[in-house]
Amino acid sequence: VQLQASGGGLVQPGGSLKLSCATSGNIFSRNPMGWYRQAPGKQRELVASSGTAGNTYYPDSVRGRFTISRDTAKNTVYLQMNSLKPEDTALYYCNTIPPMTYWGQGTLVTVSS
């Protein structure tokens, strides 16, 4: 099982980041995929999902700012994050929808001036 998230970092409010998640081919091709995040002291939440047919979902908190995409050739899921806010600070993970018990280590996004 491979769920390797990368691309996090420190960014100023209003800035952008693009996260990547390398997955195993059998996971990627057979499942809807999602990006989740967990902020300190809060529960993990889903911030974007992409079905195998390309349908997407975003909660109100990120809709219009985040975009999820899939590269079938690379078995990779991306999350483009624009207009970042301090409340977007969290550990970001990718996983299937619904999520597997294995989460990988995530990538840290810190939005701060």
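- Using a 4.5 Å heavy-atom cutoff, the side chains of Ser113 and Pro13 are in contact.
- Leu79 CG to Arg37 CZ: the interatomic distance, rounded to the nearest 0.5 Å, is 9.5 Å.
- By the side-chain contact (heavy atoms from CB on, under 4.5 Å) test, Val109 pairs with Leu17, Leu19, Met81, Tyr92, Val111, sequence neighbours left out.
- At distances below 3.5 Å, at least one donor-acceptor pair connects side-chain atoms of Thr76 with backbone N or O atoms of Lys74.
- Rounded to the nearest 0.5 angstrom, Gln38 CD and Gln43 CD are separated by 8.5 Å.
- Within the structure, no pair that satisfies the salt bridge (Lys or Arg N to Asp or Glu O under 4.0 Å) test touches residues 8-22, not counting sequence neighbours.
- Each disulfide bond (SG atoms under 2.5 Å apart) pair with one or both residues in residues 41-72, not counting sequence neighbours, would appear here, but there are none.
- Within the structure, side-chain hydrogen bond (donor to acceptor under 3.5 Å, both in side chains) contacts touching residues 57-72 (residues at least two apart or in different chains) are Asp60-Arg63, Arg65-Asp88.
- Other residues, nucleotides and ligands place no more than 12 heavy atoms under 6.0 Å from the CD atom of Gln105.
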Val11 and Ser16: CA distance, side-chain angles, deciding distance, side chain to side chain contact (heavy atoms under 4.5 Å, CB included) verdict: CA-CA 7 Å; Val11 63; Ser16 298; over 6 Å; no
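- Side-chain atoms of Ser24 never come within 3.5 Å of backbone atoms of Asn26 as a donor-acceptor pair (strictly under, hydrogens ignored).
- Between Leu3 and Tyr93, the closest side-chain pair of non-hydrogen atoms is not below 4.5 Å.
- The local environment of CD in Gln80 is crowded, with over 12 non-hydrogen atoms from other residues, nucleotides or ligands closer than 6.0 Å.
- A donor-acceptor distance shorter than 3.5 angstrom exists from the side chain of Thr107 to the backbone of Gly8, with no hydrogens or angles considered.
- A distance of 11.5 Å separates CE in Met33 from OG1 in Thr52, rounded to the nearest 0.5 Å.
- With sequence neighbours excluded, the residues that form a ring-ring contact (aromatic ring centres under 6.0 Å, His included) with Tyr36 are Trp103.
- You'll find the side chain of Pro59 stays beyond 4.5 Å of the side chain of Glu45, heavy atoms only.
- Atom OG of Ser50 sits about 5.0 Å away from atom CD1 of Ile68, to the nearest 0.5 Å.
- Both Trp35 and Tyr102 belong to a common hydrophobic cluster when Ile, Leu, Val, Met, Phe, Trp and Tyr are linked at side-chain heavy-atom distances under 4.5 angstrom.
- Side chain of Asn95 to main chain of Met100: a donor-acceptor pair is present (N/O by atom type, distance under 3.5 Å, no hydrogens or angles).
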Criterion side chain to side chain contact (heavy atoms under 4.5 Å, CB included) on Phe66 and Leu84, from CA distance to verdict: CA-CA 9 Å; Phe66 289 11; Leu84 282 163; 3.9 Å; yes
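- Ile97 has its side chain out of reach of Asn31: every pair of non-hydrogen atoms, C-beta onward, lies at least 4.5 Å apart.
- Identified under the disulfide bond (SG atoms under 2.5 Å apart) test for residues 78-113, with sequence neighbours left out: Cys21-Cys94.
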